[in-house]
Asks: 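This is the structure I want to talk about, given as structure tokens.
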Amino acid sequence: MPELPEVESLRLSLIPRIVGSTIQKVRVLMPKLVSSKGTTRTVSNTKVAEFINGLEDTKIVSINRRAKNLIFNLSSGGILLVHLKMTGQLAFKSNKNSHDKAVIGGHPIQESELVLPNKHSYIIMQLDNGSLYYNDVRQFGYLLYFKSLEVFEAEGHFENLGLEPLDQEFIWQDFYTKIKAKTGNIKKLFLDQTVVVGLGNIYADEVLFRAGVLPTRNTNSLTKVEIKKIYEAILVILPKAVNMGGSSVANYIMADGSRGTYAHEHMVYGRGGKECLVCGTILQKTVIASRTTIFCPECQK
DNA sequence: CACTAAACCTGGGAGC
DNA sequence: TGCTCCCAGGTTTAGT
């Protein structure tokens, strides 16, 4: 899936298009997607009806993000929570036939040809100014409706999430303290979202490469200097990736179907067996927490 | 507790 | 052209 830069780029591309729009009609073609996370998802007709009734005739007031979740605040006081998991997409088609190109960080992003709806458009929302499609090839994602902030908070969806790396609150001392309180290898720690959120398999490897730290290193062996390098790498890589619309490795797209260009900046992700772009050493591949992990044995210690 | 593997799914690419 | 196997941006849950 999209990691933080992709979810954030999607959010930024959605805001000018659908904040202020009213949801008129909702169609749920894949009922399990509106139900709670989990491995086997079964959904009652009542649950689907609650989802549809909660969203119809309500206005999208704002769109926020926590970790890799998108949070739509509705004029009714209700909340729509969207998680894209591996292959989710939110694509908007305007009623107007205009070519409206995505502009992220001041730079227009190249458009792709996206047919909407398509065979994986499983939830379709008709807005007053266009249509919003939730597509998801692998069907891992979910869209959850909560009738109020109180109900949403009571469910404790975000309770184990760590620091938001793009926030002002992401300060060095907090990061250092939190990381020192954990054990286990640093890559696994990034993937589990408990210290800092938003890094996934791509950005965990990219950050560790930039910081010069091996992904296999146990947190209790990391020096203060090394942790500082990791902290600084996060602060450089994530904003830059957002500015470039994220990494479109396979099917990640923004609201208008355009693709992000940060994949061109990848130093290690997807480059196992190739030469390190800094020192020329062959990049090594290993598996950590069941995920393919790429690193440079020379640049990372 | 900590860690790993499986589960949820479809599709693209590699190799034969 | 087609088959089989492996792999994929995430996260939860079952099993050791």
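Just so it is clear: chains get the letters A, B, ... in the order the sequence lines come, proteins before strands, and each one is counted from 1.
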Asks: Please write out which residues are connected to A:L191 in a hydrophobic cluster, directly or through intermediates, given that two of Ile, Leu, Val, Met, Phe, Trp, Tyr count as joined at side-chain heavy-atom separations below 4.5 angstrom.
Replies: none
Asks: Send over the distance from A:H83 NE2 to C:dT12 P, rounded to a whole Å.
Replies: 8 Å
Asks: Report the distance from atom CG of A:L191 to atom P of C:dT11, rounded to the nearest whole Å.
Replies: 9 Å
Asks: For a quick check of understanding: with a heavy-atom distance under 4.0 Å over all strands, which category does A:D192 fall into, base, sugar-phosphate or nothing?
Replies: nothing
Asks: Looking at B:dC8, C:dA8, C:dT11, which one has an atom nearest to any side-chain atom of A:Y269?
Replies: C:dA8
Asks: Not counting sequence neighbours, list each pair that qualifies as a ring-ring contact (aromatic ring centres under 6.0 Å, His included) and has a residue in residues 182-222 of chain A.
Replies: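 Applying ring-ring contact (aromatic ring centres under 6.0 Å, His included) to every pair that reaches into residues 182-222 of chain A, excluding sequence neighbours, yields A:Y203-A:Y262.
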Asks: What dot-bracket string describes DNA chain B from 5' to 3', counting Watson-Crick and G-U wobble pairs whose defining distances are under 3.5 Å, with [ ] for crossing pairs and | for pairs to another strand?
Replies: .|||||||.|||||||
Asks: Say you pick atom P in B:dC9 and the same atom in C:dA14; how far apart are they, in whole Å?
Replies: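 My reading of the P atoms in B:dC9 and C:dA14 gives 15 Å.
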Asks: Taking atom P of B:dC8 as reference, at what distance in whole Å does atom NZ of A:K32 sit?
Replies: 9 Å
Asks: Only counting residues at least two apart or in another chain, list the ones meeting side chain to side chain contact (heavy atoms under 4.5 Å, CB included) with A:N73.
Replies: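 Checked A:N73 against side chain to side chain contact (heavy atoms under 4.5 Å, CB included); matches are A:S62, A:N64, A:I71, A:I79.
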Asks: Measure from OH on A:Y252 to P on C:dG10 and round the result to the nearest Å.
Replies: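 To the nearest whole Å, that distance equals 14 Å.
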Asks: Just the table, please: protein N/O against nucleotides 11-14 of chain B N/O, every pair under 3.5 Å.
Replies:
unit_1	atom_1	unit_2	atom_2	d
B:dG11	OP1	A:K119	NZ	3.0
B:dG11	OP1	A:H120	NE2	3.1

Asks: With rounding to whole Å, what would you report as the distance between B:dA5 and C:dC6 at their P atoms?
Replies: 15 Å
Asks: So what does A:Y203 hit on the nucleic acid, given a heavy-atom distance under 4.0 Å: a base, only sugar-phosphate, or nothing?
Replies: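 Answer is nothing: A:Y203 stays at 4.0 Å or more from every strand.
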Asks: Does A:Q193 have a side-chain nitrogen or oxygen under 4.0 Å from the phosphate oxygens OP1 or OP2 of C:dG10?
Replies: no
Asks: Specify the separation, in whole Å, of atom CZ of A:R138 and atom C1' of C:dT12.
Replies: 15 Å
Asks: Under a 3.5 Å cutoff, is there a donor and acceptor pairing between the side chains of A:D136 and A:T87?
Replies: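 Short answer, yes.
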Asks: Is the backbone of A:N251 close enough, under 3.5 Å, to the side chain of A:Q89 for a donor and an acceptor to pair up by distance?
Replies: yes
Asks: Taking only residues two or more places apart in sequence or in another chain, which ones pass side chain to side chain contact (heavy atoms under 4.5 Å, CB included) with A:N53?
Replies: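 Result, side chain to side chain contact (heavy atoms under 4.5 Å, CB included) vs A:N53: A:A49.
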Asks: Roughly, in whole Å, what's the span from CE in A:M86 to C1' in B:dT10?
Replies: 11 Å
Asks: Write out all pairs satisfying side-chain hydrogen bond (donor to acceptor under 3.5 Å, both in side chains) with one or both partners inside residues 210-221 of chain A, taking only residues at least two apart or from two chains.
Replies: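 Non-adjacent pairs meeting side-chain hydrogen bond (donor to acceptor under 3.5 Å, both in side chains): A:R217-A:S221, A:R217-A:E226, A:N218-A:N220.
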Asks: With a 4.0 Å cut-off on heavy atoms, is A:T292 in touch with a base, just the backbone sugar-phosphate, or nothing at all?
Replies: sugar-phosphate
Asks: With sequence neighbours left out, what residues match A:K240 under salt bridge (charged side-chain N to carboxylate O under 4.0 Å, His left out)?
Replies: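 A:K240 satisfies salt bridge (charged side-chain N to carboxylate O under 4.0 Å, His left out) with A:E265 once adjacent residues are dropped.
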Asks: A:T177: what forms a side chain to side chain contact (heavy atoms under 4.5 Å, CB included) with it, not counting sequence neighbours?
Replies: A:Q173
Asks: Taking ring-ring contact (aromatic ring centres under 6.0 Å, His included) as the test, write out the residues that go with A:F140, two or more places apart.
Replies: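 A:F140 satisfies ring-ring contact (aromatic ring centres under 6.0 Å, His included) with no other residue.
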Asks: Does A:R41 place a side-chain N or O at less than 4.0 Å from the phosphate oxygens OP1/OP2 of B:dC8?
Replies: no
Asks: Determine if A:F140 stacks with C:dT11; use a centre-to-centre distance below 5.5 Å and an interplanar angle below 30° as the criteria.
Replies: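 Stacking between A:F140 and C:dT11: absent.
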Asks: Once salt bridge (charged side-chain N to carboxylate O under 4.0 Å, His left out) is applied, do any residues pair with A:E8, and if so which ones, sequence neighbours excluded?
Replies: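 Testing A:E8 for salt bridge (charged side-chain N to carboxylate O under 4.0 Å, His left out), a comparison that skips the adjacent residues, returns A:R11, A:R65.
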Asks: Over how many whole Å does the gap from A:D136 atom CG to C:dT11 atom P extend?
Replies: 13 Å
Asks: Just how far, in rounded Å, is P of B:dC3 from CD1 of A:I186?
Replies: 13 Å
Asks: Pull out every protein N or O sitting under 3.5 Å from an N or O of nucleotides 14-16 of chain C, one pair per line with the distance.
Replies:
none

Asks: Return the orientation label for the A:H120 and A:Y122 ring planes: parallel under 30°, perpendicular over 60°, tilted otherwise.
Replies: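 Because their plane-to-plane angle is over 60°, the rings of A:H120 and A:Y122 count as perpendicular.
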